[in-house]
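For ligands, and for the atoms within them, numbers begin at 1 and follow the listed sequence.
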Amino acid sequence: MEQEQRTQTNSQSATLSPFSLDGKLALITGGGSGIGFDIARCMVQAGGTVVITGRREQPLQEAVATLGDRAHYMVNDVTDRPLLDDLVERIEAIYGPIDTLVNNAGINMKKPALEVTDEDFDRIVHTNLNSVFSLTRACAKRMMARQSGSIIMISSMAAYYGIDRVAAYAASKSGVEGMVKVLASEFSGNGVRVNAIAPGFIETAMSKTAMGGDPDRFARAMRRTPMGKFGQPEDIGWAAVFLASEAAKYITGASLPVDGGNSIGF
Ligand code: NAI
């Protein structure tokens, strides 16, 4: 029996790399630009099929045209929580079962805590945490029924240590980190793995806004990054490919820093 299983596994690995996403479908929120776009690009390159979402159709159309035949889009604002169940149902009806959910869409805001209004705080938490829960629930109930799935949250260094002037953002990403552990303990017995990727400082529109006109903040970020440079969106993309693949089949409840050492730098 054991021998039979081993032979089967060997013959599978002869045809398919454990890192391949061949035959797997991923839903990536906010996939039209920045990190989300590169997650989609890396997943397509690894053999997968992707559905990216975002609020505006034109950037999504352009992204899909660049990504090729195995990329599709749906216009969707993740903060429209009552629509998320329907989104998942439509995607599965058209493209088949979702194997991987990447909760990438997110917003940031840099303001001293005393200037953050309740509306500011709610807006950030609503996008980065509440909507992530609703979409995850919609996908997870279908994944659990199929006994298979991988859910990836995009967290942040703001959930690891104290970065000034991002109180709401840090609260939202810390909530996501907590949720990863709880959901992993609830879902993993049913074949659904839940993990986070915690990007360090990655070159995108969001980090340019956060660092723009703030050379002191930029210098502080680089000083505690042993690799001494910003990461590229594809660095997050390849980590997502790994977590979505069979190569990561025993990894759940983890938060993987992809940060050039920023989280451990002195
Ligand atoms: P970005 O601003 O370049 O891209 C964010 C994407 O999310 C955009 O495509 C945007 O349209 C989409 N989005 C925002 N609100 C949405 C909504 N309500 N519905 C649907 N889509 C929405 O930012 P970036 O840098 O690519 O960030 C991606 C993720 O990575 C975010 O969750 C962010 O918090 C996280 N992150 C980024 C870091 C960086 O250094 N760039 C560092 C740590 C975390």
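- Looking at Ala63, Ser33, Gly31 and measuring to atom 8 (C) of ligand 1, the nearest heavy atom belongs to Ser33.
- Heavy-atom minimum distance, Arg193 versus Leu243: NH2-O, 2.7 Å.
- For atom 5 (C) of ligand 1, the choice among Gly231, Ser156, Gly106, Ala210 with the nearest heavy atom turns out to be Gly106.
- Residue contacts with ligand 1 include Ser155, since one or more of its heavy atoms lies under 4.0 Å from the ligand.
- Residue contacts with ligand 1: Asn104 is included, with a non-hydrogen atom under 4.0 Å away.
- With distances taken over non-hydrogen atoms, the option nearest atom 20 (C) of ligand 1 out of Thr53, Asn76, Ile236 is Asn76.
- Remark: among candidates Gly200, Gly34, Ser207, the nearest residue to atom 42 (C) of ligand 1 is Gly200, based on non-hydrogen atoms.
- Around atom 43 (C) of ligand 1, the closest heavy atom drawn from Pro199, Gly30, Ala198 belongs to Pro199.
- In the candidate list Asn128, Thr204, Ile52, Thr204 is nearest to atom 25 (O) of ligand 1, counting heavy atoms.
- Residue Asp77 places a heavy atom less than 4.0 Å from ligand 1.
- By the 4.0 Å heavy-atom criterion, Lys173 is counted among the residues contacting ligand 1.
- Under a 4.0 Å heavy-atom criterion, Ile154 is in contact with ligand 1.
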